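On a predicted model such as this, the values are computed, not experimentally measured, just so you know.
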Amino acid sequence: MKNKKKMWSLLAVMFVFAMMLGATSVSAATRVVNLSPNKWHVDSSRDTSQTVYHKIKIPKAGYITFSGYGYLPYSNGKYPVRLLMCNSKKKAMQSEEIYLSSSNDFRNYVAVKKGTYFVRVKDFHYKLRYSFKAVSEKSGTSRSSARKIARNKTVWGLLLMGEKGGKTDWYKFTVPTSKRIVFSFGARANNGVELELLPADRNIRMTDNRGYLMNTTRTWTTPSVIPKGTYYLKIKRMSGIKNTTGAYSLKWK
C-alpha cells in the first residue's frame with residue numbers, strides 16, 4: 001500500500017512538472033514588443049514557431065504605414081512578412097493578414113481610430129517599423145450630406161478597419177463654367193479604393209467616370225467637357241471588400 005502511495009505521489013509530481021514545462025514553452029514562444037514610430041524592430045529569434053505582438057499606441061484617427069521584410073542571416077534577400085492587426089485585447093480585427101512583399105514594395109497601410117493595438121507577426125528573422133499620419137475626415141455619409149470641396153483644396157478620408165464593406169463617402173463641388181475637370185486622386189490602402197464622378201443633373205450622361213487605386217496617386221482628366229453645375233464624388237471600397245483599409249486624398253481643378 002505504501003509503495004502504491006509513493007508511486008502515485010511521484011506521478012503527481014511528474015504531472016505538475018510536465019505542466020510547468022509546457023506552460024513555459026508556450027510563454028517562451030509568445031512575446032510582446034513595444035514598437036515606436038519610425039524605428040525599426042529587428043527580430044533575430046531562432047524560434048521558428050514564435051508569435052510576436054508588437055504594441056503600438058495611436059494618438060488620433062489616421063492611417064498607419066507598415067514597412068518590413070523577412071531576411072536570412074548573411075543574405076541580402078528580402079522575403080514577405082505577414083501582419084495581423086489586433087485590438088487592445090489581442091483579438092484579431094480582420095479575417096485576412098496584411099502582406100508586406102515585393103509586389104507592394106514591402107509596404108502596406110491600415111486606417112484606425114485612436115487607441116492601443118497589437119500587430120501580430122508569426123515569423124522569425126524579420127524587420128518591421130511603422131509611421132503614422134493623423135487624418136481629420138469630414139466626408140458625407142450619403143449624397144444628401146456630401147461635403148463640399150473647394151477648387152485646388154486637398155481633402156483626406158479614411159476607410160477604417162472594422163467598417164462595413166459597403167460604407168461610402170460623399171463629396172461635392174460646383175463647376176462655374178463648362179470645362180474639362182482635372183482630378184488628383186490618391187490612395188494608401190491594402191486593397192482597391194474606388195472613385196466615381198456623378199452629376200447632380202441625372203439627365204447628364206457620363207462615361208469613363210470611375211477608377212480605382214491601391215497605393216499610388218493618379219491625375220485624371222474628364223474625357224470631355226462637362227456642363228457647368230454640381231457634381232458628386234463617391235468613394236468606396238472596390239467590390240465592397242470588407243478588409244480594405246487605408247486612406248485616400250482628393251483634389252480637383
Side-chain angles (χ1 to χ4, degrees), residues 58 60-66 85 93-96 98 104 107-114 131-175 179-202 204-224 226-227 229-253:
I58 303 302
K60 299 179 180 179
Y63 73 94
I64 304 168
T65 302
F66 287 111
M85 285 295 294
M93 298 175 64
Q94 60 192 52
S95 58
E96 294 180 1
I98 296 171
N104 54 27
R107 184 182 297 113
N108 222 325
Y109 307 90
V110 172
V112 293
K113 298 178 181 179
K114 174 183 177 180
S131 60
F132 172 76
K133 180 177 179 178
V135 173
S136 179
E137 181 187 331
K138 297 178 182 178
S139 65
T141 57
S142 64
R143 187 183 182 114
S144 60
S145 64
R147 175 192 176 185
K148 188 173 183 179
I149 306 176
R151 184 172 177 267
N152 288 321
K153 176 71 173 179
T154 300
V155 297
W156 283 83
L158 296 172
L159 301 175
L160 293 167
M161 181 168 286
E163 288 180 333
K164 294 181 179 179
K167 184 243 186 185
T168 56
D169 294 344
W170 288 84
Y171 302 86
K172 67 180 179 180
F173 63 94
T174 301
V175 181
K179 59 184 292 187
R180 280 188 169 90
I181 301 298
V182 179
F183 296 96
S184 177
F185 175 40
R188 300 291 180 268
N190 67 331
N191 251 317
V193 181
E194 184 178 300
L195 166 70
E196 185 177 7
L197 173 64
L198 300 166
D201 185 347
R202 299 180 188 274
I204 298 176
R205 302 297 178 187
M206 303 191 72
T207 59
D208 298 326
N209 62 331
R210 183 181 300 177
Y212 69 90
L213 299 175
M214 282 180 62
N215 54 4
T216 188
T217 299
R218 175 188 166 195
T219 300
W220 169 49
T221 304
T222 54
S224 60
I226 63 174
T230 298
Y231 292 82
Y232 294 92
L233 292 170
K234 181 182 179 182
I235 309 294
K236 66 177 184 178
R237 294 165 170 84
M238 188 184 69
S239 303
I241 299 174
K242 183 179 180 180
N243 286 316
T244 299
T245 178
Y248 61 84
S249 62
L250 288 172
K251 184 174 75 172
W252 74 278
K253 61 181 180 179

Quiz item: Looking at Ser139 and Tyr248, what are the two nearest heavy atoms and their distance?
Solution: CB-OH, 4.2 Å

Quiz prompt | Donor-acceptor pair, side chain of Gln94 and main chain of Asn243, under 3.5 angstrom | solution = no

Quiz item: Any side-chain heavy atom of Leu250 sitting closer than 4.5 Å to one from Ile235?
Solution: yes

Practice problem: Let me see the working for Arg237 and Glu163 under side chain to side chain contact (heavy atoms under 4.5 Å, CB included), right down to the final yes or no. | Solution: CA-CA 10 Å; Arg237 294 165 170 84; Glu163 288 180 333; 2.9 Å; yes

Self-check item: Closest approach of Gly157 to Val135 (non-hydrogen atoms, all atoms of both residues)
Solution: N-CG1, 4.2 Å

Quiz item: Say you draw a straight line from CH2 of Trp252 to CZ of Arg151; how long is it, rounded to the nearest 0.5 Å?
Solution: 6.5 Å

Quiz item: Side chains of Lys172 and Tyr231: does their closest heavy-atom pair fall under 4.5 Å?
Solution: no

Exercise. Give the minimum heavy-atom separation between Lys138 and Arg147, together with the two atoms involved.
Key: O-CD, 3.1 Å

Quiz prompt | Among Val155, Asn209, Ile149, the one residue meeting side-chain contact (heavy atoms from CB on, under 4.5 Å) with Leu233 | solution = Ile149

Quiz item: With a 4.5 Å heavy-atom cut-off, do Asp169 and Glu137 have their side chains touching?
Solution: yes

Exercise. Could you tell me whether a side-chain N or O of Arg180 sits under 3.5 Å from a main-chain N or O of Pro223, the two making a donor and an acceptor?
Key: yes

Quiz item: Angle class for the Phe183/Phe173 ring planes (parallel below 30°, perpendicular above 60°, tilted otherwise)?
Solution: perpendicular

Quiz item: Is the side chain of Asn190 donor-acceptor paired with the backbone N or O of Thr245 at a distance under 3.5 Å, no angle test?
Solution: yes

Self-check item: Close side-chain approach of Met85 and Ile98, heavy atoms under 4.5 Å
Solution: yes

Quiz item: Step by step, would you call Thr244 with Met238 a side chain to side chain contact (heavy atoms under 4.5 Å, CB included)?
Solution: CA-CA 8 Å; Thr244 299; Met238 188 184 69; over 6 Å; no

Quiz item: Are Thr65 and Arg107 side-chain neighbours, meaning at least one heavy-atom pair lies under 4.5 Å?
Solution: yes

Quiz prompt | Heavy-atom check, side chain of Trp220 versus side chain of Leu195, under 4.5 Å | solution = yes

Quiz prompt | Distance (rounded to the nearest 0.5 Å) between Tyr212 OH and Lys236 NZ | solution = 13.5 Å

Self-check item: Heavy-atom pair of closest approach, residues Ala111 and Leu158
Solution: CB-CD2, 4.0 Å

Quiz item: Should the pair Tyr63 and Trp156 be assigned to parallel (<30°), tilted (30 to 60°) or perpendicular (>60°) ring geometry?
Solution: parallel

Quiz item: Does atom OH of Tyr232 have more than 12 heavy-atom neighbours, drawn from other residues, nucleotides or ligands, at distances under 6.0 Å?
Solution: yes

Practice problem: Decide yes or no for Leu213 and Val193: does some side-chain heavy atom of the first lie under 4.5 Å from some side-chain heavy atom of the second? | Solution: no

Practice problem: Please test Ile226 against Met206 for side chain to side chain contact (heavy atoms under 4.5 Å, CB included), starting from the C-alpha separation and ending with a verdict. | Solution: CA-CA 9 Å; Ile226 63 174; Met206 303 191 72; 3.9 Å; yes

Exercise. Kindly check if the number of other-residue, nucleotide or ligand heavy atoms within 6.0 Å of NZ (Lys167) is above 12?
Key: yes

Exercise. Report the distance from atom CD1 of Ile64 to atom CZ of Arg188, rounding to the nearest 0.5 Å.
Key: 15.5 Å

Self-check item: Any side-chain heavy-atom pair of Leu198 and Trp170 under 4.5 Å
Solution: yes

Exercise. Take Thr141 and Thr168 through the test side chain to side chain contact (heavy atoms under 4.5 Å, CB included) and record every step on the way to the result.
Key: CA-CA 6 Å; Thr141 57; Thr168 56; over 6 Å; no

